[in-house]
Amino acid sequence: PFSLGDAFAGRDRRKTWILFSHALDSEDLKPEAVHGILFSQIKHMLLAKRENKNPGLHPFAFQKAKQFSKNYSEEELEKLSSSLVALYHDSRRGICDMRIALEQLILKI
């Protein structure tokens with residue numbers, strides 16, 4: 001799961017999609033778990049982009065997030081965060097399938 005988050009944060013669409021497909025097909029991860037991984041990565045990158053000093057994250061996680069945050073603008077991270085929140089609620093309401101919606105989001109990075 002960590003490599004999936006790293007590929008997403010590194011803005012590697014192909015690798016992220018491959019790891020996403022593999023995680024859901026062979027590792028018995030639920031789409032909700034993948035959603036949590038991606039949301040957490042985005043949240044950490046936003047914190048790292050907005051804060052000059054560590055806001056309480058593990059030092060290693062903060063350094064990675066700081067490095068990865070250079071791949072996205074703050075506006076892009078905010079849009080991705082909003083998209084993931086909407087995707088979660090829409091899937092709970094039966095408006096969309098979470099797996100398909102996550103795949104579409106990944107293919108847009």
Quiz prompt | Minimum-distance pair of heavy atoms, taken over all atoms of Glu76 and Asn71 | solution = OE1-O, 4.3 Å
Quiz item: If you round to the nearest 0.5 Å, how far is CG of Leu19 from CG of Leu24?
Solution: 11.0 Å
Practice problem: First locate atom CG of Leu77, then atom NZ of Lys43, and finally report the distance between them rounded to the nearest 0.5 Å. | Solution: 13.5 Å
Quiz item: Is any side-chain heavy atom of Asp6 less than 4.5 Å from a side-chain heavy atom of Asp12?
Solution: no
Quiz item: Quick one: CD on Glu103 to CG on Asp97, what's the gap to the nearest 0.5 Å?
Solution: 10.0 Å
Exercise. Quick one: which residue pairs count as a ring-ring contact (aromatic ring centres under 6.0 Å, His included) with a foot in residues 36-84, not counting sequence neighbours?
Key: none
Quiz item: Under 4.5 Å between any side-chain heavy atoms of Leu38 and Phe20, yes or no?
Solution: no
Quiz item: Under 3.5 Å, is there a donor-acceptor pair between the side chain of Gln41 and the main chain of Gly5?
Solution: yes
Quiz item: Just wondering, do Tyr88 and Arg92 contact through their side chains at under 4.5 Å, heavy atoms?
Solution: yes
Quiz item: Is it the case that more than 12 heavy atoms not belonging to Gln67 sit under 6.0 Å from its CD atom?
Solution: no
Self-check item: Contact summary for Ala65 and Met45, nearest pair of heavy atoms
Solution: O-CG, 3.9 Å
Quiz item: Could you state the interatomic distance from OG (Ser3) to CD1 (Ile37), rounded to the nearest 0.5 Å?
Solution: 8.5 Å
Self-check item: Between CG on residue Leu84 and CE on residue Met98, distance to nearest 0.5 Å
Solution: 9.0 Å
Quiz prompt | Salt bridge Lys79-Glu75, side-chain N to carboxylate O under 4.0 Å | solution = yes
Practice problem: Supply the atom-to-atom distance Leu105 CG to Thr16 OG1, rounded to the nearest 0.5 angstrom. | Solution: 10.0 Å
Quiz item: Same hydrophobic cluster for Ile18 and Leu29, using side-chain heavy-atom links shorter than 4.5 Å among ILVMFWY?
Solution: yes
Quiz item: With no hydrogens and no angle check, is any side-chain donor or acceptor of Arg99 less than 3.5 Å from a backbone partner on Pro31?
Solution: no
Quiz item: Taking all non-hydrogen atoms of both residues, which atom of Leu87 and which atom of Cys96 are closest, and how far apart?
Solution: O-SG, 4.0 Å
Quiz item: Between Lys66 and Asn54, is there a donor-acceptor pair closer than 3.5 Å when you use the side chain of the first and the backbone of the second?
Solution: no
Quiz item: How would you list, by chain and number, every residue that makes a side chain to side chain donor-acceptor pair (under 3.5 Å) with Glu78, sequence neighbours excluded?
Solution: Arg50
Practice problem: Answer with yes or no whether the hydrophobic clustering places Ile100 together with Leu4; edges join I, L, V, M, F, W, Y residues whose side-chain heavy atoms lie under 4.5 Å apart. | Solution: no
Quiz prompt | Lys49 atom NZ: more than 12 heavy-atom contacts under 6.0 Å | solution = yes
